[in-house]
Amino acid sequence: MLLSNSLFSEYKGSNFSGTWHQVTSDEYTLPHNEISFGYLLNWGVNEIKNSATRTLSDHSDVLPYFTKLVHPNGICLSGKWRIMHDNPYGGYFRQGSEALIITRASVALNKTTKGHQRAFGFAGKLFPITDSDDVVQTANFFLIDDLGGTSAEHYTSVAMTNEPASSITLTVIRHLIYSIKLAVTFGEADSNPGIRQLYEVSYLGEENTSTVRTPRWMKVQALPGQTVNAEDFRDELNVDAHGGEIKFSVSVASSQDSRGRKNWSEIGEIILDASVVSNSCDHRLHFHHPKWKSNLRY
């Protein structure tokens with residue numbers, strides 16, 4: 001099953017096995033990739049503008065080496081996406097949907113260990129297949145807990161959504177010029193960068209997308225009882241430390257009350273059974289950001 005041709009004209013897709021093989025081909029020991037304001041204008045090249053354009057327009061799953069400007073340090077995991085509960089949404093939000101998934105868990109900026117304010121991110125890439133060698137077009141989504149970071153000690157204790165909070169923290173203030181430059185440039189590239197819409201998932205496998213409903217919000221959170229007390233979040237998410245498996249719940253919503261509390265409904269789960277910290281995870285795996293659409297049906 002492929003995404004609607006109206007979404008992708010040149011992107012031909014990839015297979016799960018080949019993508020995961022690349023991600024695991026160059027494992028390395030917990031790097032600390034730094035952020036640098038100087039890199040944003042590297043030898044006169046506007047890297048942040050190039051990055052914003054690439055994430056919004058390039059649907060490739062693997063790219064030549066590049067630098068992630070916001071979330072430079074991560075760990076990649078793979079497993080399955082399963083939707084078990086009834087809901088009104090289409091595509092791979094629909095009850096009974098199953099897909100292979102590659103995710104990248106990360107932190108914004110450069111602090112990876114406990115004791116620092118960390119903004120946890122969760123990027124997902126769905127392969128709508130059961131045979132890992134089939135070439136398909138993928139659907140991507142992006143979730144963060146708080147853009148400003150929090151003092152949460154564990155990745156598995158936070159909830160990440162596609163419209164995260166944006167606290168003003170010491171970390172943001174310390175990197176104020178860098179953060180402003182990123183925000184302004186991404187704002188110029190997309191009309192509403194504060195929320196990442198979910199239509200790539202709701203359109204996946206649909207022949208006619210005009211009547212498809214898409215959840216306005218999505219939330220992913222580790223199931224209780226999976227805490228690993230590690231200093232670095234990447235050690236915390238090593239599946240070997242969890243006995244070979246980490247489970248996250250998937251919840252969606254399209255309305256909220258007057259206080260902004262979402263009417264979350266848990267519809268499925270993500271089961272991750274392999275993990276790696278690698279050069280390709282940090283510098284070659286690419287997650288396309290869906291550009292803002294004003295005519296979605298919620």
Looking only at atom types and distance, does a side-chain atom of [X] sit under 3.5 Å from a main-chain N or O of [Y], one as donor and one as acceptor?
| X | Y | answer |
| --- | --- | --- |
| Lys262 | Gly260 | yes |
| Ser278 | Cys281 | yes |
| Asn87 | Phe93 | yes |
| Arg297 | Thr211 | yes |

Pro72 to Val107 - nearest heavy-atom pair and separation: CD-O, 4.1 Å

Please determine whether side chain to side chain contact (heavy atoms under 4.5 Å, CB included) holds for the pair Leu272 and His242, giving the CA-CA distance in whole Å, both sets of side-chain angles, and the decisive distance to 0.1 Å. CA-CA 10 Å; Leu272 301 171; His242 292 263; over 6 Å; no

For Asn110 and Asn33, what are the C-alpha separation, side-chain angles and deciding distance, and is it a side chain to side chain donor-acceptor pair (under 3.5 Å)? CA-CA 7 Å; Asn110 58 356; Asn33 298 305; over 6 Å; no

Verify whether the ring centers belonging to Phe122 and Phe248 lie closer than 6.0 Å. yes

Under 6.0 Å between ring centres: does that hold for Phe66 and His283? no

Is there a path of hydrophobic side-chain contacts, each under 4.5 Å between heavy atoms, that joins Leu237 and Val228? no

Can you hop from Met84 to Ile270 via hydrophobic side chains spaced under 4.5 Å? no

[X] with [Y]: basic N within carboxylate O range, under 4.0 Å:
| X | Y | result |
| --- | --- | --- |
| Lys80 | Asp273 | no |
| Arg118 | Glu153 | no |
| Arg234 | Asp232 | yes |

Using side chain to side chain donor-acceptor pair (under 3.5 Å) as the criterion, list what pairs up with Asp26, not counting sequence neighbours. Ser280

For Leu285, the side-chain contact (heavy atoms from CB on, under 4.5 Å) test, sequence neighbours excluded, returns Thr19, Val23, Cys76, Ile102, Lys125, Phe287

Could you tell me if [Y] and [X] have a donor-acceptor pair between their side chains, going purely by distance under 3.5 Å?
| X | Y | value |
| --- | --- | --- |
| Asn279 | Tyr65 | no |
| Gln197 | Tyr298 | yes |
| Asn162 | Lys219 | no |
| Ser17 | Asp133 | yes |

Does any non-hydrogen side-chain atom of [Y] lie less than 4.5 Å from one of [X]?
| X | Y | answer |
| --- | --- | --- |
| Trp217 | Thr161 | no |
| Lys114 | Asn229 | yes |
| Tyr28 | Val277 | yes |
| Gln117 | Lys111 | no |
| Asp58 | Tyr11 | no |
| Phe141 | Pro290 | no |
| Trp81 | Glu98 | no |
| Met160 | Gln221 | no |

Going through the distances and angles, do Met218 and Val250 end up as a side chain to side chain contact (heavy atoms under 4.5 Å, CB included)? CA-CA 7 Å; Met218 173 179 166; Val250 177; 4.1 Å; yes

Using the rule given for salt bridge (charged side-chain N to carboxylate O under 4.0 Å, His left out), can you reason through Glu206 versus Arg94, listing the C-alpha separation, both sets of side-chain angles and the distance that settles it, and then say yes or no? CA-CA 11 Å; Glu206 297 283 358; Arg94 196 183 303 278; 2.3 Å; yes

Do His286 and Leu63 pass the side chain to side chain contact (heavy atoms under 4.5 Å, CB included) test, and can you show the C-alpha distance, the side-chain angles, and the key distance before you say yes or no? CA-CA 6 Å; His286 177 245; Leu63 292 173; 3.5 Å; yes

Please lay out, stage by stage, how Ile129 and Phe16 fare under the test side chain to side chain contact (heavy atoms under 4.5 Å, CB included). CA-CA 8 Å; Ile129 49 178; Phe16 173 88; 4.0 Å; yes

Between Tyr203 and Tyr199, how do the two ring planes meet: parallel, tilted or perpendicular, split at 30° and 60°? tilted

Over 60° means perpendicular and under 30° means parallel, so classify the ring planes of Tyr155 and Phe233, tilted if in between. parallel

Which value, rounded to the nearest 0.5 Å, describes the distance between Ser254 atom OG and Arg216 atom CZ? 6.5 Å

So how far is it from Lys247 NZ to Arg82 CZ, rounded to the nearest 0.5 Å? 7.5 Å

Using the side-chain contact (heavy atoms from CB on, under 4.5 Å) definition, which of the options Ile101, Asn140, Val136 pairs with Leu126? Ile101

